[in-house]
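Residue numbers count from 1 along this sequence.
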Amino acid sequence: MKKRPLGNTGIEVSEIAFGGVEIGMPYGIGVESTDDMLPEADAVYLLHEAVDKGINFFDTARLYGESESIMGKAFSGKRKDIVLATKCRHFRQEGKLLPDNMLKNFIESSLQESLNALKTDYLDVFMLHQADMEILRNPVIADTFAGLKEKKVIRATGASTYSAEETELAIETGNWDIIQLPFNLMDQRHGQFFGKARENGVGLVIRSVLLKGLLSDRGKNLHPALAEVENHIAGYSTLIGNQFPDLPTLATQFALSFEEVSSVLVGIDKLDYLYKALATANGQYMDEKMLKKARELVYPDPAFLNLPHWDKMGWLK
């Protein structure tokens, strides 16, 4: 698999990043409990197969259940072959940010827990999890991450953002080497800052490329409240053809068609999903004409694409 530079970090990553949430905890449409998840031995085999087939970039988090510990078992003896990214525990308790005098120890403790679970003595990327505006502006958090980088316990700092405003601020602060952000055919709001990220040497890792599976066969027979969303998804059939045989291929290759993008994060918990992701990252992406068409098919009301709200309303069951 082709590799791309991760911003100015000096790290080269596979175009597909293995998203580790699904192997660690119940997550995604139709996954209700651990009974619906891959057994640990199968998850370890899946991770080995990913490495053997050319994926070197693996994303996890302290809060992804057993994901870190499963990766720790899988990558024993393979550490030099992979790029590990994980995320710190959340900084908020009951909605309030921890006081400054607690933050440094909190971050360092979370990092040590991750190192222990992953069975390694360093991380390639250590990220903020849900980096909101207040967190991004906090100097103690930024200084602590910078200090860990100076000590070479981590190679690069990162921030996982949700809103376009957070992505803009994360780039402007100059504190974060990598930003993981949501971007897909339906919701392209973060794309306005791709150029700024490139100018500042910030690596971009794209998540939600399939909009939690909706940009696939799962995007049919949705709840009546999502009728307009379902109709819009059906409209992408006009772009499907020889080069893009199905919607997941179209959606993934759309994101990979931007040169500012270092890697696309794909949630993988089945061998079929792995092989599909590998086949999709074939180095043949959209030309300018096709990219223009895809960009024009953005959902007209992206603020409505609030999946946590949909889930709370029971619209995703």
Inset, instruction - Classify the angle between the aromatic ring planes of Phe183 and Phe254 as parallel (below 30°), tilted (30 to 60°) or perpendicular (above 60°). - result: parallel

Inset, instruction - Establish, yes or no, whether the cationic atom of Lys212 lies under 6.0 Å from the six-membered ring centre of Tyr27 and within 45° of the ring axis. - result: yes

Legend entry - Cationic tip of Arg207 above Tyr162 ring, under 6.0 Å, 45° of axis: yes

Legend entry - Glu15 side chain to Ser263 side chain, donor-acceptor N/O pair below 3.5 angstrom: no

Legend entry - Carboxylate-amine/guanidinium contact Glu49 Lys53, below 4.0 Å: yes

Legend entry - Within 6.0 Å of NZ in Lys293, more than 12 heavy atoms from elsewhere: no

Legend entry - Residue Tyr45 excluded, over 12 heavy atoms near OH under 6.0 Å: no

Inset, instruction - Decide whether Gln112 and Ser109 meet the rule of one side-chain donor and one side-chain acceptor closer than 3.5 Å. - result: no

Inset, instruction - Could you tell me whether Phe106 and His90 have their ring centroids closer than 6.0 angstrom? - result: no

Inset, instruction - Evaluate whether atom CD of Glu172 has more than 12 neighbouring non-hydrogen atoms of other residues, nucleotides or ligands under 6.0 angstrom away. - result: yes

Inset, instruction - Using distance alone, with no hydrogens and no angle criterion, decide if Tyr285 and Glu259 have a side-chain donor and acceptor under 3.5 Å apart. - result: no

Inset, instruction - Verify whether one side chain among Thr86 and Thr60 offers a donor that lies under 3.5 Å from an acceptor in the other. - result: no

Legend entry - Check ion pair Glu22-Lys270 (N to O, under 4.0 angstrom): no

Inset, instruction - Would you please indicate yes or no on a ring centroid separation below 6.0 angstrom for Phe57 and Phe18? - result: no

Legend entry - Between Thr167 and His190, a side-chain donor and acceptor under 3.5 Å: yes

Legend entry - Check: His223 ring centre within less than 6.0 Å of Trp310 ring centre: no

Legend entry - salt_bridge(Lys196, Glu168) N-O dist < 4.0 Å: yes

Inset, instruction - Taking all heavy atoms of Ser262 and all of Gly7, pick out the closest pair and write down the distance. - result: OG-N, 3.7 Å

Inset, instruction - For Asp177, check salt bridge (Lys or Arg N to Asp or Glu O under 4.0 Å) against everything at least two apart and list the hits. - result: Lys149

Legend entry - Any Leu185 side-chain heavy atom under 4.5 Å of Leu247 side chain: yes

Legend entry - Residues, nucleotides or ligands: over 12 heavy atoms within 6.0 Å of Glu166 CD: yes

Legend entry - Salt bridge flag under 4.0 Å for residues Asp187 and Arg189: yes

Inset, instruction - Would you mind reporting whether Thr161 and Gln180 have side-chain heavy atoms less than 4.5 Å apart? - result: no

Inset, instruction - Quick one: closest heavy-atom pair of Gly54 and Ser14, and the distance? - result: O-CB, 3.8 Å

Inset, instruction - Would you indicate whether Glu296, at its atom CD, is surrounded by more than 12 heavy atoms from other residues, nucleotides or ligands within a distance under 6.0 Å? - result: yes

Inset, instruction - Check Ile135 against Asp132 and note the closest heavy-atom contact, atom names and distance. - result: N-OD1, 2.9 Å

Legend entry - Cation-pi geometry met for Arg79 and Tyr122 (6.0 Å, 45°): yes

Legend entry - Pair Arg92 + Glu134, salt bridge at N-O below 4.0 Å: yes

Inset, instruction - Give a yes-or-no answer on whether the side chains of Asp100 and Asn138 include a donor-acceptor pair shorter than 3.5 Å. - result: yes

Inset, instruction - Carefully, step by step, assess Glu230 and Asn221 under the rule side chain to side chain donor-acceptor pair (under 3.5 Å). - result: CA-CA 8 Å; Glu230 184 172 345; Asn221 303 313; 5.9 Å; no

Inset, instruction - State which residues pass salt bridge (Lys or Arg N to Asp or Glu O under 4.0 Å) with Glu113; sequence neighbours excluded, sorted by chain then number. - result: Arg62, Arg89

Inset, instruction - Indicate the atoms forming the closest heavy-atom contact of Ile82 with Phe58, along with that distance. - result: CG2-CE1, 3.8 Å

Inset, instruction - Give a yes or no on whether Lys104 atom NZ has more than 12 heavy-atom contacts from other residues, nucleotides or ligands under 6.0 Å away. - result: no

Inset, instruction - Tell me yes or no: between the side chains of Asn184 and Gln188, is some donor less than 3.5 Å from an acceptor? - result: no

Inset, instruction - Indicate yes or no: at least one non-hydrogen side-chain atom of Ile107 is less than 4.5 angstrom from one of Phe126. - result: yes

